[in-house]
There are 2 protein chains.
Amino acid sequence: MEKYLNVIKESGAKLTNPRKKVLHNLFTANKPLTLQEIHQNCSRVDFASVYRTIKLFTEINLVEEITFADNKTRYELVSKLHHHHIICSSCGEISQLPICLLSEIESFTNYKITKHILEFMGLCPSCQN
Amino acid sequence: MEKYLNVIKESGAKLTNPRKKVLHNLFTANKPLTLQEIHQNCSRVDFASVYRTIKLFTEINLVEEITFADNKTRYELVSKLHHHHIICSSCGEISQLPICLLSEIESFTNYKITKHILEFMGLCPSCQN
DNA sequence: CTGGTTGCAAACTCTTTGCAATCCT
DNA sequence: AGGATTGCAAAGAGTTTGCAACCAG
C-alpha cells in the first residue's frame with residue numbers, strides 16, 4: 001500500500017481523499033473493478049472524480065485497464081505478476097489465469113506488442129451443475 | 001456468398017437491400033469492421049439498420065463480435081476457421097493469429113468456456129522503423 | 001497562499017428503440 | 001395483402017469536460 005501511495009506522490013499528484021479511497025478500494029478488491037463498482041464503493045466521491053482518478057492512475061501506470069468478454073472495462077492495480085482472467089457468466093466469479101502468450105506472439109508475428117487482451121468467459125465448475 | 005444468403009433465408013428473415021449490402025460489405029472486407037465502418041461503406045442504409053442487421057446476423061450466428069485492445073467492437077463473418085487478431089496501433093493493419101488457447105484453458109480451469117477474447121495490439125514490422 | 005482537485009451539471013458520443021412509411025414474399 | 005423491415009428522430013446509457021468552490025502542500 002505504501003508503495004502505491006509513493007507512486008502517486010512521485011508523479012506530482014496530490015494525495016487527496018478521493019484518490020485514497022479509490023486506491024484503497026482497488027487494493028482490497030481481489031478482482032478487477034468497473035468504474036461504476038469503484039464509484040459505489042467510494043461513498044462521497046463523485047463519479048467524475050472516480051473517472052479522473054482512474055485516468056490518472058492509468059497514466060502513471062498504477063492501474064491497468066482490462067476488457068472482459070462481457071465488453072465491460074475493468075481496472076486493477078498493476079502488480080508484479082502479469083496475468084489474465086476468466087469470468088463466470090453465471091455467478092460473476094473472476095479467476096486468474098497463469099498463462100500469457102505475449103512473447104510467443106511477438107516472435108511469431110514480428111510485431112512489437114504494446115497492448116493485449118486475453119480474457120475468457122464461461123461457467124465455473126460450481127455453476128455447471 | 002450463397003451460403004450466407006441461405007443462412008439468412010433459413011432464419012426466416014427477409015432478404016432486403018440493407019441486409020444484402022451489409023453482408024456484401026462484410027464479405028469483401030478482409031478484416032473485422034466496426035458498425036461505423038460498415039455504415040460508411042453501405043450508402044443509403046441508415047445506421048440503425050446497420051445496427052439491427054448486425055444484431056440479427058450475430059443472433060443467427062452469421063457474424064462474430066470481436067473486441068480489440070483499442071476497445072472498439074468489430075464484427076466479421078463467421079468462417080470455418082476460428083482465429084484471433086493483432087492490430088497495428090500505427091497503421092491499423094489487422095492480421096490473423098493461428099493460435100487459440102480455448103481447450104487448454106478449459107482443461108486447466110475446469111470452466112466451460114462460452115466466450116473469449118484473445119487480441120493483441122502493437123506495431124507491425126513496417127511501422128517499427 | 002495557490003495551483004491542483006473536487007463536485008456538480010452539462011455536453012458528447014455511442015447505443016438502442018418507437019413509429020409511420022415502405023418493402024419482401 | 002400483410003407482417004417484417006427501414007429510415008428518421010429521439011430516448012438512453014456511458015463517457016468526458018467546464019467551472020466555481022475547495023483543499024493539500
Side-chain angles (χ1 to χ4, degrees), chain A residues 1-2 4-26 32-60 62-76 115, chain B residues 1-2 4-26 32-60 62-76 115:
Chain A
M1 190 68 174
E2 269 310 309
Y4 297 119
L5 292 174
N6 285 332
V7 175
I8 299 177
K9 284 182 198 162
E10 284 160 18
S11 79
K14 291 182 178 173
L15 254 189
T16 64
N17 244 304
R19 287 176 183 162
K20 284 183 206 161
K21 284 184 183 171
V22 170
L23 174 60
H24 182 260
N25 190 222
L26 289 168
L33 302 171
T34 63
L35 290 181
Q36 287 67 26
E37 289 168 332
I38 298 170
H39 178 224
Q40 284 170 5
N41 299 339
C42 297
S43 50
R44 323 197 116 278
V45 179
D46 191 73
F47 182 83
S49 301
V50 172
Y51 170 80
R52 285 183 278 221
T53 297
I54 290 295
K55 199 175 171 203
L56 167 69
F57 284 4
T58 303
E59 283 162 5
I60 65 179
L62 197 61
V63 313
E64 189 180 323
E65 182 182 301
I66 293 154
T67 302
F68 280 88
D70 67 355
N71 252 358
K72 289 185 188 153
T73 303
R74 291 178 173 77
Y75 301 87
E76 80 173 345
K115 200 172 173 191
Chain B
M1 192 67 174
E2 268 311 308
Y4 297 119
L5 292 173
N6 285 332
V7 175
I8 299 177
K9 284 183 198 161
E10 283 161 18
S11 78
K14 291 181 178 172
L15 255 189
T16 63
N17 245 303
R19 286 176 183 161
K20 284 183 205 160
K21 284 185 183 172
V22 170
L23 175 61
H24 182 259
N25 190 220
L26 289 168
L33 302 171
T34 62
L35 290 182
Q36 286 68 27
E37 289 169 333
I38 298 171
H39 178 224
Q40 284 169 5
N41 299 339
C42 297
S43 51
R44 323 197 115 279
V45 180
D46 191 72
F47 181 84
S49 300
V50 172
Y51 170 81
R52 285 183 278 220
T53 296
I54 290 296
K55 197 175 171 204
L56 167 70
F57 284 4
T58 304
E59 284 163 4
I60 66 179
L62 198 61
V63 313
E64 189 180 322
E65 181 184 301
I66 292 155
T67 302
F68 279 89
D70 68 354
N71 252 358
K72 289 187 188 150
T73 303
R74 291 178 173 77
Y75 301 87
E76 79 173 349
K115 199 173 173 190

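This structure is a prediction, so every number in the text was calculated from the model and none was measured. Order of the sequence lines sets the chain letters (A, B, ...), proteins ahead of strands, with each chain counted from 1.
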Supply the atom-to-atom distance [X] [atom1] to [Y] [atom2], rounded to the nearest 0.5 angstrom.
| X | Y | atom1 | atom2 | answer |
| --- | --- | --- | --- | --- |
| B:L33 | B:H39 | CG | NE2 | 14.0 Å |
| B:Y75 | B:L35 | OH | CG | 4.5 Å |
| A:E76 | A:L62 | CD | CG | 11.5 Å |
| A:L5 | A:E10 | CG | CD | 11.0 Å |

Under the 3.5 angstrom rule, does the side chain of A:N41 hit a backbone N or O of A:E37 as a donor-acceptor pair?
yes
A:E65 backbone acceptor or donor facing A:R74 side chain under 3.5 Å
no
Report the residue (A:D46 or B:Q36) whose heavy-atom-nearest nucleotide on DNA chain C is the more 5′ of the two.
A:D46
Taking for each residue the nucleotide of DNA chain C bearing the nearest heavy atom, is the 5' side occupied by B:L35 or by A:A13?
A:A13
Which residues in residues 37-45 of chain B have at least one heavy atom lying under 4.0 Å from any atom of DNA chain D?
B:R44, B:V45
Got a sec? Which of residues 49-60 of chain A come in under 4.0 Å of DNA chain D, heavy atoms?
A:Y51, A:R52, A:K55
Can you confirm whether [X] sits close enough to [Y] that some side-chain heavy atom of one is under 4.5 Å from a side-chain heavy atom of the other?
| X | Y | result |
| --- | --- | --- |
| B:T34 | B:T73 | no |
| A:K72 | A:Q36 | no |
| B:V22 | B:R19 | no |

Using heavy-atom distances to pick each residue's nearest nucleotide on DNA chain D, tell me which of B:F47 and A:T73 is more 5'.
B:F47
At the 4.0 Å heavy-atom cut-off to chain B, mark where contacts on DNA chain C begin and end, going 5' to 3'.
C:dT15 to C:dT25
What residues 14-26 of chain B contributes to the DNA chain C interface at heavy-atom separation below 4.0 Å is B:K14, B:L15, B:N17
Sequence neighbours excluded, the answer for side chain to side chain contact (heavy atoms under 4.5 Å, CB included) partners of B:K20 is B:L15
Nearest heavy atoms of B:K14 and B:I8, plus distance in Å
O-CG2, 4.3 Å
Side-chain atoms of residues 42-58 of chain A: list all donor-acceptor pairs with protein atoms under 3.5 Å, sequence neighbours left out, distances to 0.1 Å.
from, atom 1, to, atom 2, distance (Å)
A:D46, OD2, A:A48, N, 2.9
A:T53, OG1, A:S49, O, 2.7
A:T58, OG1, A:I54, O, 2.7

Rounded to the nearest Å, what distance is computed from the CZ atom of residue A:R74 to the P atom of nucleotide D:dT15?
12 Å
